[in-house]
Amino acid sequence: MKEHLFADHPREHCGLFSVFGVPGAAQLIYTGLFALQHRGQEGAGIATSAGAKVHSTKGEGLLNEVFTVRPPTALPGHLGIGHVRYSTTGSSRPQNVQPIVCECSDGLWALAHNGNLTNAKRLRHIYQDSGAIFQTSTDSEILMHIIADPQYRTRTRRVERALSELEGAFAFLIMTKHSVMATRDRFGFRPLSIGRLGQGYVFASETCALDQVGATFERDVLPGELVVVDEKGIRSSTFCEPVAGPLGQCIFEHVYFARPDSIVFGQNVHETRIKLGRQLAREHPVAADLVMPVPDSGNEAALGFSQASGIPMDYGFIRNHYIGRTFIMPEMAQRQDSIDLKLAIVPGVVRDQRVVVVDDSIVRGSTCKRRIAALRRAGAKEVHMRVSCPPVRHPCFFGIDFPSSGELIAAGHSVPEIRDYIQADSLAYLSLEGLLGAFEQPGDFCTGCYSGKYPVAVTEEHSKQDLEKT
Ligand code: SF4
């Protein structure tokens with residue numbers, strides 16, 4: 001079996017945060033983005049306005065590397081949008097960091113995007129053929145070009161029309177010097193919530209960021225909805241017909257991406273993961289002495305496994321929080337080197353024990369294999385892997401940076417083959433039915449990367465470098 005080079009988790013996508021109607025918006029956006037840093041570590045940016053012009057600062061790296069002066073005094077104003085980025089389309093380079101700021105005939109606009117547009121290549125070619133010049137290689141920028149079309153009288157109508165041309169997954173924050181807009185695609189792939197802060201409004205990819213700034217959760221932006229906030233107040237409109245069938249909310253947000261202290265798609269992530277762990281224990285019991293999570297995203301599922309199985313839980317892995325997550329470093333070699341520094345083993349916990357290791361996913365398998373070998377070196381008697389979702393066998397076209405099918409270990413190998421490769425004593429995954437059973441509205445979730453059935457047909461092949469010119 002081919003040796004895999006990357007970490008065993010898909011990489012993050014992006015995080016969005018916005019404020020309207022609160023003085024010192026930049027500091028709040030900084031704080032909100034800080035709570036969303038787990039969603040992207042390649043770049044960060046903030047754009048604000050005090051009503052006269054749009055100011056922006058952005059750069060590559062973590063938020064505190066980009067904003068070394070705090071509070072960000074160069075960004076005045078009571079409204080603004082912010083973004084933390086992991087690239088799912090477009091390479092890791094400074095021009096691709098968001099918010100993207102463009103000058104249209106009526107002034108500066110800025111936008112920030114989470115998701116992946118599945119018709120971006122075609123739209124971009126149409127605009128380029130008519131002379132448009134793109135400043136980034138992201139899919140997100142196409143929205144700005146469509147918005148710039150001056151034939152519609154009001155700004156809201158222009159944005160609605162532009163959004164209706166997009167296919168795929170998106171949560172967008174858009175701002176002018178006077179207003180902030182928030183929207184989600186018609187299937188609702190990516191989350192976006194609305195909160196209140198005093199007389200002002202706040203928008204965030206996850207509710208943990210609302211909590212971080214002291215805002216109160218109000219509701220989610222609805223699929224197909226455009227919410228506009230300006231000096232006249234808050235207004236809502238729809239830019240498309242509602243989908244006839246179920247929604248396509250990304251189930252992986254609950255399995256892995258979102259922070260456990262968030263409510264995503266109306267459901268508490270912490271509680272969902274505990275349910276997944278309990279169901280995993282019911283489906284795949286094993287005789288063992290100890291349940292241990294792969295921290296941090298396996299913590300809740302391990303707790304649930306322990307509760308349902310009666311096997312005590314302990315922390316056999318210790319995460320080094322100062323090295324960062326492995327995918328922060330885009331180079332393969334860097335990632336390879338950092339993997340073993342990230343999690344240390346507590347020998348006294350695992351020695352002479354039959355351990356159940358609970359993780360939220362196995363994508364390529366290489367990291368898992370290395371960790372199992374390390375557990376055996378530390379004296380573990382048996383190592384049983386339990387995964388709190390089904391095998392990831394299919395690519396994601398909607399904003400999650402899974403490797404191609406050829407690199408997904410479960411795409412080409414059976415569970416026993418994967419078990420042999422990672423050298424576990426046993427390996428078992430949660431069933432798709434077991435996963436869906438943890439949700440109140442199971443029909444409204446995308447499960448494409450497990451089932452191969454996507455909520456919407458994908459008309460363009462997608463690769464991260466699609467819009468890149470050499
Ligand atoms: S394919 Fe998987 S990762 Fe992508 S949107 Fe669907 S559930 Fe989420």
Side-chain angles (χ1 to χ4, degrees), residues 6-16 38-40 86-89 113-120 139 166-172 184-192 205-206 220 223 243 245-259 262 264-267 269 272-273 276 297 327 359-364 387-411 429-439 441-464:
F6 293 87
D8 276 350
H9 294 92
R11 277 157 282 163
E12 309 286 335
H13 37 160
C14 300
L16 307 176
H38 61 287
R39 297 180 73 88
Y86 177 82
S87 54
T88 50
T89 301
H113 175 207
N114 173 202
N116 194 61
L117 305 177
T118 54
N119 63 343
D139 57 339
L166 304 181
E167 292 170 9
F170 58 85
F172 272 108
R184 287 170 72 202
D185 69 78
R186 60 203 297 259
F187 286 91
F189 279 100
R190 300 284 148 232
L192 190 60
S205 292
E206 292 182 35
D220 286 341
V243 289
L247 298 177
Q249 301 167 136
C250 174
I251 208 162
F252 224 86
E253 291 276 355
H254 271 274
V255 171
Y256 171 65
F257 287 121
R259 260 179 41 171
S262 287
V264 170
F265 308 133
Q267 197 163 320
V269 175
T272 305
R273 289 184 187 160
L276 298 180
S297 49
F327 45 74
D359 204 352
D360 53 76
S361 53
I362 298 176
V363 174
R364 289 177 168 95
V387 183
S388 62
C389 66
V392 175
R393 294 199 165 102
H394 307 275
C396 175
F397 302 100
F398 305 106
I400 305 302
D401 191 22
F402 283 131
S404 63
S405 295
E407 294 171 292
L408 287 170
I409 192 166
Y429 293 82
L430 185 63
S431 66
L432 187 57
E433 298 69 36
L435 172 63
L436 290 169
F439 294 90
Q441 308 274 348
D444 279 334
F445 282 89
C446 173
T447 60
C449 47
Y450 307 120
S451 62
K453 293 181 190 146
Y454 302 96
V456 56
V458 177
T459 52
E460 285 182 4
E461 285 292 308
H462 170 72
S463 103
K464 191 171 161 178

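Every number for a ligand or one of its atoms is a count from 1 in the order of the listing.
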Nearest heavy atoms of Asn116 and Phe397, plus distance in Å: ND2-O, 3.0 Å

Side-chain (Arg190) to main-chain (Ala171) donor-acceptor, under 3.5 angstrom: no

Identity and distance of the protein heavy atom lying nearest atom 5 (S) of ligand 1: Arg190 NH2, 3.5 Å

Gln249 to ligand 1, any heavy atom closer than 4.0 Å: no

Parallel, tilted or perpendicular: ring planes of Phe187 versus Phe189, cut at 30 and 60 degrees: tilted

Centroid-centroid distance, His254 to Phe439, less than 6.0 Å: yes

Positive for ring-ring contact (aromatic ring centres under 6.0 Å, His included) with Phe257, one of Phe265, Tyr86, Phe252: Phe252

Main-chain N/O of Gly15 paired to Asn114 side chain as donor or acceptor, under 3.5 Å: no

Pair Thr118-Phe398, side-chain contact (heavy atoms from CB on, under 4.5 Å): steps then yes or no: CA-CA 7 Å; Thr118 54; Phe398 305 106; 4.0 Å; yes

Protein N, O or S atoms under 2.8 Å from atom 6 (Fe) of ligand 1: 1

